[in-house]
Amino acid sequence: MTKHRIIVMGVSGCGKTTIGDLVARELGVPFLDGDSLHPVENVAKMAAGTPLTDEDRWPWLATVGSELAAAGNGGLVLACSALRRSYRDAIRAQAPDTIFLHLHGSKEVLGARTEGRTGHFMPPALLDSQLATLEPLDADEAGIVVDIASPVDQVVADALVGVAAAERAAVGSSPRGAIGTAGPQQQVPGKTELPGQVLGG
């Protein structure tokens, strides 16, 4: 049985919790929101509106990776922004066979989704900052990019197809646990190609 270790990544408003939970249900594995793993010091800073530094994030990212590595039979789907390559590398240091599912959306789509969820528009500066921080998946990262402009059920279906393809590519291209070997790139059927659409690692 495939042991799914999946990070659902992306900026605020992309639907990490919603899509991650639905993907986990379809795969029959647990779902965990990475925000619940922050140490109390980080929670206090965020509650006060103080941005986290990378020094604040490293222990949290190590915990995220440890949760994935310790996942039981079948694996785990975990929501985590993972915007920078270095953050994803920190997770992979603990769980090398993690697949990253990037929920991609335009600024307009992301703004509309956030407004629909909370009743208030995300402050433009916050969304702009996250989009500026975002480093798309590189060709040597095992992962999939899914467009969130589609209805939720289609996003989930595309995600499941993409994850399966990325897992096959990762298994077929390198020994288990190896990092940095790119597998064959594939594309979700019927979808417009996005940068890094399906990446094997």
Side-chain angles (χ1 to χ4, degrees), residues 1-12 14 16-17 19-20 23-24 27 29-43 45-46 51-104 129-130 132-146 159 162-185 195-201:
M1 180 173 65
T2 301
K3 189 166 187 175
H4 307 282
R5 291 188 177 94
I6 301 167
I7 288 283
V8 183
M9 61 168 282
V11 301
S12 295
C14 71
K16 293 186 292 293
T17 300
I19 301 301
V23 166
L27 294 174
V29 301
F31 171 76
L32 182 63
D33 190 332
D35 284 348
S36 68
L37 301 175
H38 274 293
V40 292
E41 295 84 2
N42 286 8
V43 173
K45 290 185 73 170
M46 291 187 291
L52 298 181
T53 66
D54 281 354
E55 287 68 29
D56 295 323
R57 291 188 181 95
W58 298 131
W60 170 61
L61 292 165
T63 301
V64 168
S66 296
E67 287 287 335
L68 286 164
N73 292 337
L76 177 68
V77 176
L78 197 152
C80 174
S81 54
L83 299 181
R84 294 188 184 276
R85 170 68 188 253
S86 59
Y87 302 164
R88 300 190 293 270
D89 285 344
I91 293 169
R92 275 188 293 262
Q94 303 292 328
D97 54 355
T98 298
I99 300 291
F100 287 85
L101 167 59
H102 177 197
L103 301 180
H104 167 85
S129 173
Q130 291 210 346
T133 300
L134 175 64
E135 296 175 358
L137 292 168
D138 288 324
D140 63 339
E141 296 186 85
I144 168 75
V145 181
V146 173
V163 165
E167 289 176 337
R168 287 195 301 271
V171 169
S173 66
S174 61
R176 182 176 179 85
I179 302 176
T181 303
Q185 294 195 19
Q197 181 74 48
V198 179
L199 307 169

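Atom set for the values below is all heavy atoms of this structure, side chains included, hydrogens, waters and symmetry mates excluded. Source: prediction; values computed, not measured.
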Would you be so kind as to tabulate the donor-acceptor pairs closer than 3.5 Å made by side chains of residues 56-63, with sequence neighbours excluded?
{"unit_1": "Asp56", "atom_1": "OD2", "unit_2": "Lys45", "atom_2": "NZ", "d": "2.7"}
{"unit_1": "Asp56", "atom_1": "OD2", "unit_2": "Thr53", "atom_2": "N", "d": "2.9"}
{"unit_1": "Asp56", "atom_1": "OD2", "unit_2": "Thr53", "atom_2": "OG1", "d": "3.1"}
{"unit_1": "Arg57", "atom_1": "NH1", "unit_2": "Leu52", "atom_2": "O", "d": "3.3"}
{"unit_1": "Arg57", "atom_1": "NH1", "unit_2": "Asp54", "atom_2": "OD1", "d": "3.2"}
{"unit_1": "Arg57", "atom_1": "NH1", "unit_2": "Tyr87", "atom_2": "OH", "d": "3.3"}
{"unit_1": "Arg57", "atom_1": "NH2", "unit_2": "Leu52", "atom_2": "O", "d": "3.4"}
{"unit_1": "Trp58", "atom_1": "NE1", "unit_2": "Asp54", "atom_2": "O", "d": "3.4"}
{"unit_1": "Trp60", "atom_1": "NE1", "unit_2": "Gly34", "atom_2": "O", "d": "2.8"}
{"unit_1": "Thr63", "atom_1": "OG1", "unit_2": "Pro59", "atom_2": "O", "d": "3.0"}

Separation between SG of Cys14 and NE2 of His102, rounded to the nearest 0.5 Å: 6.5 Å
Check: Ile7 and Leu101 side chains under 4.5 Å, non-hydrogen atoms: no
Test item: Lys16 side-chain N/O and Ser81 main-chain N/O as donor-acceptor pair under 3.5 Å: no
Val23 and Val8, any side-chain heavy atoms less than 4.5 Å apart: no
Nearest atoms (heavy-atom pairs only) where Ala24 meets Pro30: CB-O, 3.8 Å
Approximate separation, where rounding is to 0.5 Å, of Leu68 CG and Ile6 CD1: 9.5 Å
Spacing of CZ belonging to Arg5 relative to CG belonging to Asp97, to within rounding of 0.5 Å: 4.5 Å
Leu134 side chain reached by Met9 side chain, heavy atoms, under 4.5 Å: yes
Pairwise distance CZ(Phe31) to CG(Leu76) - rounded to 0.5 angstrom: 9.0 Å
Contact check, side chains of Leu32 and Leu37, non-hydrogen atoms, under 4.5 Å: yes
Nearest-0.5 Å distance, CD1 of residue Ile99 to CD1 of residue Ile144: 10.0 Å
Contacts of type side-chain contact (heavy atoms from CB on, under 4.5 Å), residue Glu135, not counting sequence neighbours: Arg84, Arg85, Arg88
Test item: Asp33 side-chain N/O and Asp35 main-chain N/O as donor-acceptor pair under 3.5 Å: yes
Partner set under side chain to side chain donor-acceptor pair (under 3.5 Å) for Glu167, not counting sequence neighbours: His4
Ala69 versus Ala95, closest heavy-atom pair with distance: N-CB, 3.9 Å
